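All values reported here derive from a predicted model rather than from experimental measurement. Keep in mind that the numbers below use all heavy atoms, side chains included, and drop hydrogens, waters and symmetry copies.
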Amino acid sequence: MSIFPTKILFATDGSEEATLAARSAAALATRTGSELHVLTAGPEFPYYELPEAPAAFEDIAKAQKRKAREVLDEQVARIEESGAAVEEAHLRMGERPGRVVVDLAEELGAGLVVVGSRGVGPLRRALMGSVSTSVVRHAHGPVLVVREDGQGEASFPPGRILLALDGSEEAVAAARMAVELATSTGSELHVIHVGEIAPVYHPERHGYVARYERLHEHARQLLDEEVEKVKAAGGTVAGSHLAMGRPDEEIVVSAEGVGAGLIVVGSRGLGGIKRALMGSVSDSVVRHAHCPVLVVRGD
């Protein structure tokens with residue numbers, strides 16, 4: 001079953017990171033023929049500016065809502081100026097923006113949520129780093145976390161996509177989405193598998209060589225199997241990469257090595273390699289990657 005076209009929910013707080021994310025969301029919606037929805041989630045109660053007088057509190061709450069509306073209208077205008085169409089704009093005032101994003105995505109039946117990596121824009125309590133993390137952890141579907149590439153850009157199409165696989169159900173879903181993205185954007189698809197290194201001492205060789213060799217051979221076999229699955233699903237693999245060690249570190253380093261403009265990972269891994277893409281690993285990749293990260297949850 002094809003993932004695209006779908007409904008894309010882009011959540012913004014007016015920060016620089018959100019502006020970069022808007023470009024990716026707009027380009028992705030245009031490339032895949034998907035509906036684009038834009039959300040600004042403002043705080044219901046501005047605790048950080050709590051006044052002494054109730055009347056003043058009401059004034060601040062109204063001002064906060066106006067500010068949120070301005071952020072939303074400005075972002076929608078920028079997206080439409082770029083040539084993309086916005087299906088609907090949503091303004092939600094709530095104490096927990098992360099929950100607002102997740103709830104609206106479910107309400108819309110969104111197939112993808114797009115957020116910036118962190119937010120320090122006009123809405124101080126809006127889409128900050130902890131909120132994007134919350135969306136990744138609790139959203140019912142894939143989440144694209146966009147960050148700049150070090151030069152103030154978040155290019156889309158990504159050019160090269162690095163797909164991290166571990167044989168889990170989440171990895172299967174990630175592979176399917178990566179293949180569709182690579183096809184629809186004309187991007188190169190690279191596949192990586194990170195094998196486990198077990199600290200088992202070999203007394204005769206005075207080291208871990210024997211155990212490492214067996215694990216390396218097993219990891220290579222799993223990588224080859226995953227690559228064949230991707231090809232069977234209609235994907236063209238430009239490069240396959242095998243690494244041994246900590247999955248989060250190796251994925252981030254490999255992404256930089258191949259010049260990836262997007263990393264695709266499963267939300268957690270319970271497949272062939274127990275230590276593979278667990279929740280903490282995908283969280284770590286999101287935090288440390290030099291480029292946008294797409295976190296895909298299993299079906």
Side-chain angles (χ1 to χ4, degrees), residues 1-15 17-18 21-22 24-45 61 64-80 84-117 119 121-123 125-146 170 173-174 176-177 180-181 266-268 279 282 286 292-299:
M1 178 182 295
S2 178
I3 298 169
F4 298 108
T6 186
K7 292 181 180 178
I8 298 175
L9 175 62
F10 163 56
T12 178
D13 64 350
S15 65
E17 287 77 11
S24 296
L28 184 57
T30 301
R31 287 269 185 161
T32 62
S34 299
E35 282 187 9
L36 179 59
H37 293 253
V38 181
L39 163 69
T40 293
E44 183 176 2
F45 300 109
Q64 192 68 35
K65 187 172 184 178
R66 286 196 300 271
K67 185 182 294 184
R69 170 56 68 180
E70 290 172 0
V71 168
L72 178 61
D73 291 344
E74 180 181 0
Q75 201 65 257
V76 169
R78 287 184 178 180
I79 291 173
E80 292 180 337
V86 175
E87 181 70 19
E88 188 173 356
H90 307 264
L91 176 63
R92 298 289 174 91
M93 305 301 290
E95 180 183 346
R96 299 171 59 193
R99 174 53 57 186
V100 171
V101 175
V102 171
D103 288 347
L104 180 59
E106 186 174 10
E107 178 184 323
L108 293 173
L112 177 66
V113 176
V114 180
V115 295
S117 60
L123 302 181
R125 295 184 65 246
L127 299 181
M128 301 191 73
S130 60
V131 175
S132 58
T133 299
S134 176
V135 173
V136 168
R137 291 178 178 174
H138 299 108
H140 300 278
V143 179
L144 175 61
V145 182
V146 180
E170 286 76 14
R176 187 167 66 250
M177 194 158 194
E180 284 205 40
L181 279 174
S267 59
R268 59 189 178 90
S282 57
V286 167
V293 179
L294 175 61
V295 180
V296 182
R297 197 172 300 279
D299 294 334

Handout entry: Stepwise side chain to side chain contact (heavy atoms under 4.5 Å, CB included) test for Glu17 and Val146
Key = CA-CA 7 Å; Glu17 287 77 11; Val146 180; over 6 Å; no
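- Looking only at distances, a side-chain donor or acceptor of Arg297 sits under 3.5 Å from a matching main-chain atom of Arg137.
- To the nearest 0.5 Å, atoms CE (Met93) and NZ (Lys65) are separated by 7.0 Å.
- Side-chain contact between Thr133 and Val286 is absent, with no heavy-atom pair separated by less than 4.5 Å.
- Remark: the backbone N or O of Thr6 is paired with a side-chain donor or acceptor of Ser34 at under 3.5 angstrom.
- Residues Gly33 and Pro5 approach most closely at O-CB, 3.2 Å, considering heavy atoms.
- The nearest pair of heavy atoms linking Ala26 to Ala84 is CB-CB, 3.7 Å.
- Judged as a side-chain contact (heavy atoms from CB on, under 4.5 Å), and not counting sequence neighbours, Glu70 has no contacts.
- Minimum interatomic distance between Pro142 and Leu294 (heavy atoms only, all atoms of both residues): CB-CD1, 4.0 Å.
- Residues passing the side-chain hydrogen bond (donor to acceptor under 3.5 Å, both in side chains) test with Arg31, sequence neighbours excluded: none.
- For the atom pair NZ of Lys67 and CG of Asp13, the computed distance is 12.0 Å after rounding to the nearest 0.5 Å.
- The CD1 atom of Ile79 lies 5.0 Å from the CG atom of Leu36; values are rounded to the nearest 0.5 Å.
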Practice task
Verify side chain to side chain contact (heavy atoms under 4.5 Å, CB included) between Thr40 and Gln75, making sure each step is shown before the conclusion.
Solution key: CA-CA 9 Å; Thr40 293; Gln75 201 65 257; 5.8 Å; no
Please output the side-chain donor-acceptor pairs of residues 107-114 that fall under 3.5 Å, not counting sequence neighbours, one pair per line with the distance.
residue : atom : partner : partner atom : Å
Glu107  : OE2  : Arg92   : NH2          : 3.4

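- The heavy-atom pair separating Ala68 from Leu91 by the smallest distance is CB-CD1, 3.6 Å.
- Every residue meeting the side-chain contact (heavy atoms from CB on, under 4.5 Å) condition with Val136, not counting sequence neighbours, appears here in chain and number order: Val143, Val145, Asp283, Val295.
- Here CG of Leu181 is found 6.0 Å from CG of Leu28. Values are rounded to the nearest 0.5 Å.
- A distance of 9.0 Å separates CD of Glu88 from NZ of Lys7, quoted to the nearest 0.5 Å.
- Taking each heavy atom of Ala18 and Gly14 in turn, the nearest pair found is CB-N, 4.1 Å.
- Distance alone, capped at 3.5 Å, is enough to place a donor-acceptor pair between the Glu180 side chain and the Phe4 backbone.
- The heavy-atom pair separating Ser132 from Val115 by the smallest distance is CB-CG2, 3.9 Å.
- Every residue two or more places apart in sequence or in another chain was checked for a salt bridge (charged side-chain N to carboxylate O under 4.0 Å, His left out) with Arg66, and none qualifies.
- Under the salt bridge (charged side-chain N to carboxylate O under 4.0 Å, His left out) criterion, Glu74 pairs with Arg78, not counting sequence neighbours.
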